[in-house]
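Throughout, a chain's letter reflects where its sequence line sits, starting with A, and its residues are numbered from 1. These numbers were taken from a predicted model, which means no experiment stands behind them.
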Amino acid sequence: MSGSTENPRHDGKDPEGVMSNPSRPVDCQQLVELLGEYVDNQLTAEQRVHVDYHMEQCAPCLAFLRQYKFAPQAVRDHLLQAVPVDLEDRLLSFLKKRTRG
Amino acid sequence: MLVSLPEIPAEDDEVLVARARAGDYDAFEALVRRHQRRVYAVAYGIVKNAAEAEEVAQETFLSAFEHLDGFRGEARFSTWLFRVASNHALMKLRKKKPEPWGDVTDLEPSLSRAQSRSDGTSPFDALSQWARRPDEAADANEVQEALSSALDTLSDDDRALLLLRSIAESSHEALAERFETTIPAIKSRLHRIRLQLRGQLDERLHGKPPP
């Protein structure tokens with residue numbers, strides 16, 4: 001493991017992939033491929049156990065997961081914080097004029 | 001800082017839509033109040049301009065009012081609303097030349113502040129925080145700047161997809177219909193977008209190229 005800024009990757013990749021053989025443990029590269037389904041809670045129970053176990057042992061992958069999950073939430077918060085405080089009043093005023101004026 | 005928004009039960013929307021359709025203007029205004037922040041945020045994330053995002057919000061809710069009679073609840077009101085908002089925003093965007101995020105007036109430039117902080121902290125504090133606890137680094141100016149520029153690396157459609165998922169909380173099914181593709185394709189595309197966004201943020205916060 002070389003650091004949190006790099007795509008986590010161990011030696012000994014499983015060429016079949018954990019999706020085709022969920023009973024086998026996951027390596028770092030496979031874990032990255034599973035993150036989308038992991039954060040959407042769409043892995044099988046067995047796959048989830050393997051992913052959780054891997055992250056307990058692998059700090060860079062845990063950091064990678066946190067950043068992967070955090071990035072869309074941060075974008076969401078960043079944009080919601082840009083909403084003008086008086087938008088609601090202006091919008092309601094505009095709509096009232098256009099629909100009832 | 002994470003922004004909290006109230007959960008919006010779909011059944012409440014349906015009740016309000018039914019009342020608004022029957023002529024209850026207060027019910028329509030309740031729908032506007034409930035969804036206006038998310039509609040604006042999605043629009044702003046796509047058009048990257050405050051005035052145009054507000055125009056999109058106006059057009060979206062006006063369209064919602066005009067189509068109340070035709071909305072019978074076969075789809076969630078919010079799904080329909082955000083689809084209309086993203087369509088308006090993408091149409092507006094494609095009518096003009098793209099602008100860099102840096103021109104957006106209400107995105108505060110943070111580089112100069114990062115270089116001369118009065119509190120004595122280093123901009124690199126935010127970088128190490130990003131690796132350890134990215135959620136707690138969200139208030140840092142560096143992170144806000146990184147978010148703006150990282151977003152700008154996404155295509156218009158990818159940005160719309162990401163925002164419809166993360167802000168509008170659209171389902172994979174609704175997104176597949178909106179982008180005229182399959183659910184597995186949407187999941188795969190969202191995964192690629194998240195990886196790209198994480199990599200771009202990491203590049204900006206650590207100063208290294210993404211993997």
Side-chain angles (χ1 to χ4, degrees), chain A residues 1-10 19 28-43 59-101, chain B residues 1-3 5 25 28-29 32-33 36-38 40-42 44-45 50 53-54 57-58 61-62 65-66 104 106-107 130-135 137-138 143-144 147-148 150-151 162-163 165-167 172 187-188 190-195 197-203 205-206 208-211:
Chain A
M1 185 55 54
S2 54
S4 65
T5 61
E6 297 180 7
N7 199 337
R9 185 191 298 264
H10 280 320
M19 294 304 286
C28 296
Q29 185 61 32
Q30 290 165 339
L31 181 133
V32 171
E33 291 164 10
L34 292 172
L35 283 182
E37 287 153 293
Y38 182 80
V39 301
D40 286 335
N41 290 320
Q42 291 179 337
L43 292 181
C61 276
L62 184 58
F64 194 94
L65 167 70
R66 284 177 176 157
Q67 294 170 351
Y68 177 91
K69 282 177 71 175
F70 172 73
Q73 294 169 5
V75 165
R76 168 186 178 273
D77 291 352
H78 173 67
L79 293 172
L80 284 170
Q81 285 167 6
V83 178
V85 290
D86 55 351
L87 174 71
E88 180 179 302
D89 289 343
R90 287 204 303 268
L91 209 45
L92 290 173
S93 173
F94 167 85
L95 290 166
K96 190 163 275 182
K97 281 179 193 163
R98 290 293 298 269
T99 59
R100 314 189 93 188
Chain B
M1 181 183 74
L2 295 179
V3 176
L5 289 170
Y25 195 78
F28 173 69
E29 288 196 329
V32 175
R33 286 194 183 91
Q36 46 99 18
R37 291 194 70 211
R38 286 183 175 93
Y40 178 94
V42 167
Y44 182 60
E54 186 160 342
Q58 290 173 346
F61 285 110
L62 198 54
F65 183 84
E66 290 167 350
V104 178
D106 45 355
L107 294 180
W130 158 248
R132 284 183 286 114
R133 290 299 309 271
D135 53 324
V143 177
Q144 299 300 317
L147 285 166
S148 295
L151 261 180
L162 173 72
L163 301 178
R165 179 68 178 165
S166 62
I167 296 177
H172 290 126
K187 289 180 180 177
S188 173
L190 280 167
H191 178 54
R192 177 180 56 73
I193 293 168
R194 286 171 180 154
L195 287 177
L197 195 62
R198 192 216 71 86
Q200 291 292 335
L201 284 174
D202 205 41
E203 177 187 3
L205 295 176
H206 283 101
K208 295 179 181 177

If you take all heavy atoms of [X] and [Y], which pair is closest and at what distance?
{"X": "A:A82", "Y": "B:Y40", "result": "O-CE2, 3.7 Å"}
{"X": "A:H78", "Y": "B:S148", "result": "NE2-OG, 3.1 Å"}
{"X": "B:L201", "Y": "A:A71", "result": "CD1-CB, 3.7 Å"}
{"X": "B:L162", "Y": "A:P72", "result": "CD1-CB, 4.0 Å"}
{"X": "A:L95", "Y": "B:L62", "result": "CD2-N, 3.7 Å"}

Any heavy-atom pair between the side chains of [Y] and [X] that's under 4.5 Å?
{"X": "B:R194", "Y": "A:L35", "value": "no"}
{"X": "B:Q58", "Y": "A:R98", "value": "no"}
{"X": "A:T99", "Y": "B:F61", "value": "no"}

Atom [atom1] of [X] and atom [atom2] of [Y]: how far apart are they, to the nearest 0.5 Å?
{"X": "A:L87", "Y": "B:Q36", "atom1": "CG", "atom2": "CD", "result": "5.0 Å"}
{"X": "A:F70", "Y": "B:L197", "atom1": "CZ", "atom2": "CG", "result": "10.0 Å"}
{"X": "B:F28", "Y": "A:L92", "atom1": "CZ", "atom2": "CG", "result": "8.5 Å"}

Using a 6.0 Å cut-off, check whether atom NZ of A:K69 has over 12 heavy atoms from anything other than its own residue.
no
Toward chain B, the part of A:L91 with a non-hydrogen atom under 4.5 Å:
side chain
Non-hydrogen atoms of chain A under 4.5 Å away: do they reach the side chain of [X], the backbone, both or neither?
{"X": "B:F65", "result": "side chain"}
{"X": "B:R165", "result": "side chain"}
{"X": "B:L163", "result": "side chain"}

Looking only at B:A41, B:A57, B:A150, most heavy-atom pairs under 4.5 Å shared with chain A are made by B:A41
Between B:R33 and A:E88 (side chain of the first, backbone of the second, donor and acceptor by atom type, cut-off under 3.5 Å), is there such a pair?
no
Determine yes or no for a side-chain-to-main-chain donor-acceptor pair under 3.5 angstrom, with B:H191 supplying the side chain and A:V32 the backbone.
yes
